[in-house]
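Here the structure is laid out as structure tokens; the discussion comes afterwards.
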Amino acid sequence: MSSSSPAVLTCKAAVAWGPGEPLVIEEVQVSPPQPMEIRIKVVCTSLCRSDFSAWETQAIFPRIFGHEASGIVESVGPGVTEFSEGDHVLTLFTGECKTCRQCTSGKSNMCQVLGLERRGVMHSDQKTRFSIKDKPVYHYCAVSSFSEYAVVHSGCAVKVSLAVPLEKICLLSCGVAAGLGAAWNVADISEGSTVVIYGLGTVGLSVAQGAKVRGASQIIGVDINPEKGEIAKTFGITHFVNPKECNESIQQVVNRITDGGADYAFECIGDTGMITTALQSCCQGWGLTVTLGVPKVNPELTAHYGVFLSGRTLKGSLFGGWRPKSDLPSLVDMYTKKEIQIDEYITHNISFEDINQAFSLMKEGKCLRCVIHLPA
């Protein structure tokens, strides 16, 4: 910890001024960390589909997006003892206070104190730490990593080894971890089972990797982008299905391949209509559907009661069930031991000044993860 008090600093950030508008590199003021907060110098951040969806549709602006990131602690606020200047960290879009009912239950990662923040402010005081000309600039998921510096609650960051490459493991702070956890923690995929995954972005392909590690016998990947078929094999997909090329419903195709329905189905698109399709493509008796996607529109779910009466189960998954501060270090360790893949999800490395290129690539379906490198 530093003996001098941190001051307001000025840095560059990619600011969104309106829905769907290109981000603008602006000079912003970043407040010192408040009690139990830390200020980090962002090293690398990646564009997640939820950043993209919120940028397109949400109404809180001006705003700094970004939540999947790695960085170095620049300063710490009063009361912080677990972090020091120079520590390497991953940011967490959902935190872990370790003292609330949810955190102490051993059953959940839905922290009541530091859970998903949707209003563009910090958890502690409902204010922002960014400003331009004394006017607030709002946060995203209480992280906002599309900035050279960001302030996060100490419960929304986890320390990692100085030896681990920050430009790779930033993917573990959201997408890759979410998919692996859905396969291992939420579904608990068993050896020899059959799996179908709807949506082969980073999250869906991380589910595939998790299923492969668990020894699933068939891993069916469903996506309307034909270019996903080849790369999907890298992560364990055994059958690629493009609904646009099918003469029958996708659930009929899956039922035929799996002889009556998959043991596990995963909806990784964010389409509530696809949840029904996923339910219908898992088997009667014990079929489990896990939904990971965040819908942009039509958040209500409609399904015939018969799919549940026949023994199927539907479960939701936030961050793959991982307790972020407690569990992420184990995933970092698995990466260092080459037990899980991360590098293969990185299709593009982009400079901070070219951040809008990442949005274009995602819109065109031409990337998995774009890693954005902040100035040194």
Side-chain angles (χ1 to χ4, degrees), residues 40 43-46 48 67-73 82-84 86-94 96 98 106 109 156-193 195 197 200-217 219 221 231-238 264 266 268 290 292 317-349 368-371 373:
I40 65 171
V43 173
C44 285
T45 182
S46 45
C48 177
H67 64 282
E68 191 174 273
S70 57
I72 301 170
V73 176
E82 66 172 308
F83 295 103
S84 300
D87 284 344
H88 287 195
V89 296
L90 290 175
T91 59
L92 304 170
F93 71 91
T94 181
E96 182 183 357
K98 299 189 177 184
N109 65 354
C156 295
V158 61
K159 192 186 303 186
V160 297
S161 165
L162 300 181
V164 183
L166 294 176
E167 71 274 13
K168 307 292 187 184
I169 62 163
C170 59
L171 271 63
L172 283 177
S173 71
C174 183
V176 173
L180 291 172
W184 296 341
N185 304 326
V186 181
D188 194 15
I189 290 174
S190 56
E191 185 176 359
S193 58
V195 176
I197 302 163
L200 299 181
T202 297
V203 174
L205 291 174
S206 298
V207 173
Q209 182 183 174
K212 178 183 178 181
V213 170
R214 282 289 179 92
S217 61
I219 307 173
I231 194 170
K233 296 177 183 176
T234 306
F235 302 100
I237 295 292
T238 59
Y264 307 96
F266 295 84
C268 305
V290 179
L292 296 81
S317 175
L318 178 71
F319 198 47
W322 300 113
R323 297 168 301 162
K325 287 179 73 73
S326 299
D327 296 336
L328 263 194
S330 66
L331 284 180
V332 174
D333 190 46
M334 290 183 75
Y335 171 69
T336 61
K337 294 177 179 177
K338 296 182 169 33
E339 295 173 355
I340 57 173
Q341 297 167 273
I342 294 180
D343 301 21
E344 292 80 0
Y345 294 96
I346 301 170
T347 54
H348 299 78
N349 285 280
L368 287 178
R369 276 297 189 262
C370 294
V371 172
H373 297 254

Nearest heavy-atom pair of Leu368 and Glu344: which atoms, and what distance?
CD1-O, 4.3 Å
Find the distance between CG (Asn349) and NE2 (His373) and round it off to the nearest 0.5 Å.
3.5 Å
Would you please say whether a donor-acceptor pair under 3.5 Å links the side chains of Asp343 and Tyr335?
yes
If you apply the rule side-chain contact (heavy atoms from CB on, under 4.5 Å), what do you find for Leu205 with Thr234, and how did you get there?
CA-CA 9 Å; Leu205 291 174; Thr234 306; over 6 Å; no
Check Val176 against Ser206 and note the closest heavy-atom contact, atom names and distance.
CA-OG, 3.2 Å
With a 3.5 Å distance limit and no angle check, can you tell me whether Lys159 reaches the backbone of Glu82 through a side-chain donor-acceptor pair?
yes
Could you tell me which non-hydrogen atom of Cys268 sits nearest to which non-hydrogen atom of Leu292, and how far apart they are?
SG-CD1, 4.0 Å
Please identify which of these residues, Glu167, His67, Glu68, meets the side chain to side chain donor-acceptor pair (under 3.5 Å) condition with Ser46.
Glu68
If we only count heavy atoms from C-beta on, is the Ser193 to Arg214 side-chain gap below 4.5 Å?
no
Least distance between heavy atoms, Ala157 atom then Val89 atom
CB-CB, 4.4 Å
So do Tyr264 and Val207 actually touch side chain to side chain, heavy atoms under 4.5 Å?
no
Distance (rounded to the nearest 0.5 Å) between Ile219 CD1 and Phe266 CZ:
10.0 Å
For the student: nearest non-hydrogen atoms of Ser217 and Thr238, plus distance:
O-CG2, 4.4 Å
Glu191 atom CD, neighbour heavy-atom count above 12 within 6.0 Å:
no
Value for CG (Asp327) from CG (Asn109), rounded to nearest 0.5 Å, stands at 8.5 Å
Evaluate the ring planes of Phe93 and Phe319, with Trp represented by its six-membered ring, and classify them as parallel (under 30°), tilted (30 to 60°) or perpendicular (over 60°).
perpendicular
Only residue of Val158, Leu166, Val73 satisfying side-chain contact (heavy atoms from CB on, under 4.5 Å) with His88 is Leu166
Taking all non-hydrogen atoms of both residues, which atom of Ala177 and which atom of Leu328 are closest, and how far apart?
CB-CD2, 4.1 Å
Between CZ on residue Arg369 and CG on residue Leu171, distance to nearest 0.5 Å:
6.0 Å
Mind checking the CG-CG spacing from Leu180 to Leu172? Nearest 0.5 Å is all I need.
8.0 Å
Working to the nearest 0.5 angstrom, can you tell me the gap between Cys170 SG and Leu90 CG?
8.0 Å
Side chain Gln209, main chain Gln341, donor-acceptor under 3.5 Å
yes
